[in-house]
Amino acid sequence: MIDAAETPAPIAPEDHAAVTVAEGEPVRRTAPIGLLVRLVDSVRQAILPAIGIFFVAGEVREALGFLPLLGLVVMVIGFVTWLGWWKTTYRVGAEDIRVESGIVSRQARSVPYERIQDVSLEQPLVARLFGLVRVKFETGAGGGEDLNLAYVTESEAERLRETVRAQREGALDIDADDPAAEAATADGQALFAMDEKRLLRFGLFEFSLVIFAVIFGAIGQLDFLFSWDDMYDAVLGDALEGQGRKLAAMGLAAQVLSAIAAAAGVVALGLVTGVVQTFVRDHGFLLERTAKGFRRRRGLFTRTDVVMPAHRVQAMTLGTKWFRRLFGWHSLKFVSLASDAKKASHVVVPFGQMDEIVPVAEAARIALPPESIAWVRPTPKAWIDTALIVSAGILVIGAVVATTVSPWLLAAPVPLLAVVGGLSWFSWRRHRHATALEQVFVRTGILSPQLTAAPKVKLQSVEIAQGPLAQWRGYATVQFGLAGGTMEIPGVPIDEARRLRHEVIEAIAAVDFSVAQEA
Amino acid sequence: MSDVEGIERAKVPEAGGDEGLTPVHPNYRTVLRITIALTALPFLVGASVLELVRPFDDAVPGGIFVGPVLLLAGFFLWRWPRRRYQARGYDLGRDRLRVARGVWWRSDTIVPFGRVQHIDVDRGPLERAFGLSTIVLHTAGNHNASVSLPGLLDEDALAMREEIRAHIKRDTL
């Protein structure tokens, strides 16, 4: 038990009688200090319920009665955590990485090197203080089934990443690449970085009212602690009522002014939220082109370090939003098999001008649509049909409400119908697709226009899907199988759909992996 | 430049509609019929029980439960397997498999062999009784992660698997 304090601790032979070490490295455990991090995490999670108990108990003396129980719970949690750590072992083998874990039911997971898409490192704040890292070997398997090692020391994490990289690139590269040199920043060529000024600007565009949702959510969550009604009556009620009376006495001009002030307050809070969120997420954003791919580092508290092999990039999405678009700001994401914090794609440029995005796209060998590209518009039939169905639904509901409540409400659906019509028209205008440069381009989105570009050879399958209406009216949705993402073109006339499918399938089938790469 | 390609490619038969599709084995119709019958059975039993117990006494006329259920089941047993069967088809090309399915919600998928990750041949108890197999192609795409083609004779499915397997290259990602 004491020898476990070494980092990383090779295990004494008697501990793993069942594990046969045929080749590769000895079986190891994660860093023991990681236990401390988990403990801190548990305490952090337990602190709210603990406070809750104190509040519920009301009296300190009564609450003290819970202390022995609390101590017991902490001890049990501590022991289970320790046992879980003790029973979790990993081994870097000649062909794969294996992790065995589980106290009662044991799990042994093995991931071959060639199936590892990304190795990403993640440092939550507490782990960062202890110099620890969570290593994720991403395989592209869905449902969070990735191999995950929490926590190892920073040097061990770097070593693991280098091992995986070297193994995957083959034995030849091991000699060529000095792991230490590879790890150094100097090796990478910076593609995109964001300074504080850029972050601030980005944050302002990330205007968000989510803080209000959080506050209301928290009120709902903490409802069990105190009665908000009482509190409202006691504190806010009087104050508000007083203010209200004052307001009423002030006259119209003052009322308008205070309304403006309130609105300004909301806007300011929204802006501050956006800026804070942006700083926390993207502080120190740095995207580099390394010898084998892309490396992205970001985060103020939780620092993440993701490596994406260039050839695993399946497609990319150029996105923006209606307001920032006026100022030329765009974002760029890579679609790849490995997921990025539960999202399907990796953000490589969160907020940049086109002249900054183009080099990144070029580095990934995926082209943005050229000026001369021949866009194909979808048929408006699909949007007309949908709009008609929605309108019919609105009219039916409107009629029912009108007959039961008041005939005057019959007029209510009219503006709604106008909205439906307008949105459908906009949506239709925004959709288009094209093929050029051996790639498929798809543009969608009303308020958040998106352009997805995928090389034809990276697509997995092509499906032409038609509902009953689409069959009758002669259009279809073309759905492409894309590893790690989705790509579909709605409302394509059936002949164009078949032509498109044929073109893409021919391109896929023709690839014999000696294909010339367009620069 | 793309115009020229478009004209040239429009001639290929695959670019057309349902022509050129191979129907699956007729036994598949029977399998569908039995599956539908099995699905209808619980409803029939439920309706019969209601009919026998008569919880509403004479407030409702006899046969109000069993009648519609029988009619619906009859319709589905008579028409549905045939239509589903007719809608189902495949085309095994030199380097691709095309699978069409669905009556109302129709989908027509092409999977190039070079993009197949692995292949399953499934045989359920009913299928086995009629000598049928389902071949399932798995791709790396999120959409169409697995494309299945039921209603193949066992030996056809196995032959198809061998043929597709021969095309799968190790690193197609």
Side-chain angles (χ1 to χ4, degrees), chain A residues 114-115 117 140 142 309 311-312 314 335-337 339 344 372-374 376 434-436 457-472 476-488 494-513, chain B residues 1-20 83 87 91 93-118 136-148 164 167-173:
Chain A
E114 64 256 38
R115 283 287 171 265
Q117 310 283 332
H311 65 282
R312 304 274 181 188
Q314 306 284 321
V335 177
S336 91
L337 260 183
S339 61
S372 59
I373 196 164
V376 181
T435 52
V457 296
K458 298 272 188 182
L459 297 172
Q460 309 289 326
S461 63
V462 189
E463 174 179 336
I464 296 177
Q466 288 178 292
L469 267 177
Q471 284 186 53
W472 179 46
T477 301
V478 181
Q479 291 175 318
F480 297 101
L482 180 63
T486 55
M487 187 158 154
E488 60 171 46
I494 186 72
D495 290 336
E496 164 68 8
R498 290 192 177 123
R499 190 200 65 76
L500 189 64
R501 177 173 73 173
H502 187 77
E503 189 186 326
V504 170
I505 292 287
E506 285 300 317
I508 299 176
V511 170
D512 56 356
F513 301 101
Chain B
M1 107 204 152
S2 57
D3 299 353
V4 180
E5 279 174 12
I7 291 161
E8 191 185 288
R9 276 164 180 169
K11 294 186 299 211
V12 182
E14 186 187 87
D18 288 349
E19 66 268 22
R83 295 195 62 188
D91 181 30
R94 188 175 44 83
D95 51 12
R96 71 199 69 173
L97 176 69
R98 178 177 171 212
V99 178
R101 66 182 178 279
V103 178
W104 283 350
W105 272 270
R106 189 149 179 76
S107 86
D108 188 341
T109 311
I110 295 182
V111 184
F113 294 160
R115 294 296 179 274
V116 175
Q117 297 284 318
H118 59 276
V136 187
L137 304 186
H138 295 266
T139 73
N142 286 21
H143 184 81
N144 271 332
S146 62
V147 175
S148 61
I164 297 173
H167 279 80
I168 300 178
K169 297 176 178 95
R170 187 162 162 268
D171 189 14
T172 46
L173 266 182

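- Here CD1 of B:I110 is found 7.0 Å from CD1 of A:I464. Values are rounded to the nearest 0.5 Å.
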>> Using the rule given for side chain to side chain contact (heavy atoms under 4.5 Å, CB included), can you reason through A:I505 versus B:R98, listing the C-alpha separation, both sets of side-chain angles and the distance that settles it, and then say yes or no?
In response: CA-CA 11 Å; A:I505 292 287; B:R98 178 177 171 212; over 6 Å; no

> Where do B:H138 and A:Q460 land on the side chain to side chain contact (heavy atoms under 4.5 Å, CB included) test, with the steps shown first?
Replying inline: CA-CA 10 Å; B:H138 295 266; A:Q460 309 289 326; over 6 Å; no

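- Annotation: side-chain contact (heavy atoms from CB on, under 4.5 Å) contacts of A:Q479 (sequence neighbours excluded): A:E463, A:A465, A:T477, A:E488, B:H143.
- Proximity of a side-chain donor or acceptor of B:R115 to a complementary backbone N or O of A:G481 within less than 3.5 Å is not detected.
- Interface remark: A:Q471 contributes side-chain atoms only to the contact with chain B (heavy atom separation under 4.5 Å).
- The CH2 atom of B:W105 lies 8.5 Å from the CG atom of A:L469; values are rounded to the nearest 0.5 Å.
- Of the candidates B:V147, B:V111, B:L137, B:V111 is the only one forming a side-chain contact (heavy atoms from CB on, under 4.5 Å) with A:S461.
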